[in-house]
Amino acid sequence: MSRVALRERVAGLDARLKLGGALFALLVALAGPAPYTASAVATLALLASLAVGERAGVLFRRLGVALFSGLALWALHGLLRPEASGAWRLGLVLGTRVAAGATVFGLLIALTPPWALVGALRAWRVPAPLAEVLALAVRYATVLERAAHTAREAQILRLGYRGVRRGVHSLGALGGLTLVRAFDQAHATAEAMAARGCRGAHLPSPGERP
């Protein structure tokens, strides 16, 4: 079976089943012996991502979040408690668990449309306002990612990352620009929802108990 056919087959599965499997995998990663169980879950999720045709760059970004988390915990432990030992193990445990969560739920989001994921959350008795907020977050995360990517390409063309000092300055400007665009997008979304009659209160659908 080709990767495209396998991806289409997995994407066509019930979103409730995929969400339940992702939550179960996360529970196993958190409750199992650390860091071995989390490492196994992350490895299986990576292999599944490669099997369905996920790009290597996307997978490296997901693992980058885990690496940053582990290194940050190791550095904070060394600064706040320099006399204590075992900081590397704490960083390894956190890093592997973050890697498991990032790879599992990254695969879930890649194979599940936002509207199907919202339906699965509602089927799992998640409150409707929270499900809608999560759907908007997933939808506009890609928009902000494209905006940040465009801004970074413009910085590269202007030699914004030539040298360490200039690169750090450009990275800070990129973060500030992305944050400003996130606030602008949130404001535009709020105005659009207000224009459609949203007043901040969730009205239950017919047959649903308030």
Side-chain angles (χ1 to χ4, degrees), residues 3-4 7 29 35 38-39 41-82 84-114 133-192:
R3 292 185 177 181
V4 176
R7 185 183 184 92
S39 301
V41 171
T43 302
L44 291 176
L46 283 175
L47 293 176
S49 300
L50 291 174
V52 298
E54 285 287 283
R55 293 179 298 176
V58 176
L59 301 180
F60 279 126
R61 285 198 295 270
R62 294 173 187 170
L63 293 178
V65 176
L67 179 62
F68 174 79
S69 301
L71 291 176
L73 180 62
W74 174 77
L76 287 175
H77 193 276
L79 290 174
L80 299 177
R81 300 182 60 187
S85 60
W88 65 271
R89 180 173 177 81
L90 294 176
L92 181 62
V93 170
L94 179 64
T96 53
R97 287 177 174 175
V98 172
T103 52
V104 168
F105 282 94
L107 181 61
L108 172 67
I109 293 174
L111 297 177
T112 310
V133 169
L134 291 176
L136 289 174
V138 172
R139 181 180 303 174
Y140 288 113
T142 56
V143 177
L144 294 176
E145 182 181 3
R146 287 196 296 266
H149 182 69
T150 303
R152 187 175 185 275
E153 287 184 341
Q155 288 179 331
I156 293 175
L157 291 176
R158 293 175 175 85
L159 301 179
Y161 292 91
R162 185 177 182 180
V164 177
R165 183 175 181 181
R166 192 170 183 179
V168 171
H169 182 270
S170 298
L171 188 61
L174 177 62
L177 177 63
T178 305
L179 185 62
V180 169
R181 290 189 177 180
F183 279 112
D184 289 341
Q185 185 63 62
H187 182 68
T189 303
E191 288 185 342

- [ ] Go through Thr43 and Thr103 one step at a time and tell me if the side chain to side chain contact (heavy atoms under 4.5 Å, CB included) criterion holds.
- [x] CA-CA 9 Å; Thr43 302; Thr103 52; over 6 Å; no
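Using a 4.5 Å cut-off on side-chain heavy atoms (C-beta onward), Val4 and Val52 make no contact. Residues Arg165 and His169 have side chains not in contact (no heavy-atom distance under 4.5 Å, counting atoms from C-beta outward). Inter-residue side-chain proximity for Leu59 and Leu50 is flagged as met; some heavy-atom pair is nearer than 4.5 Å. At a threshold of 4.5 Å between non-hydrogen side-chain atoms, the residues Leu63 and Leu46 count as touching.
Here His149 pairs with Glu153 under the side-chain hydrogen bond (donor to acceptor under 3.5 Å, both in side chains) rule; sequence neighbours left out. Residues that satisfy the salt bridge (Lys or Arg N to Asp or Glu O under 4.0 Å) test with Arg166, not counting sequence neighbours, are absent from this structure. Residues passing the salt bridge (Lys or Arg N to Asp or Glu O under 4.0 Å) test with Arg61 are Glu145, sequence neighbours excluded.
Heavy-atom minimum distance, Leu107 versus Ala45: CD2-O, 4.2 Å. Nearest heavy atoms, Ala173 versus Gln155: CB-NE2, 4.0 Å. Minimum heavy-atom separation, Ala147 to Arg181: CB-NH1, 3.4 Å. Here the shortest heavy-atom pairing between Ala38 and Ala100 reads O-CB, 3.7 Å.
Here Ser39 contributes atom OG and Arg97 contributes atom CZ; the two are 10.5 Å apart, rounded to the nearest 0.5 Å. Annotation: the span from Leu177 atom CG to Arg152 atom CZ amounts to 13.5 Å, rounded to 0.5 Å. Note that CZ of Phe60 and CG of Leu67 are 12.0 Å apart. Values are rounded to the nearest 0.5 Å.
The backbone N or O of Val93 sits less than 3.5 Å from a side-chain atom of Thr96, completing a donor-acceptor pair.
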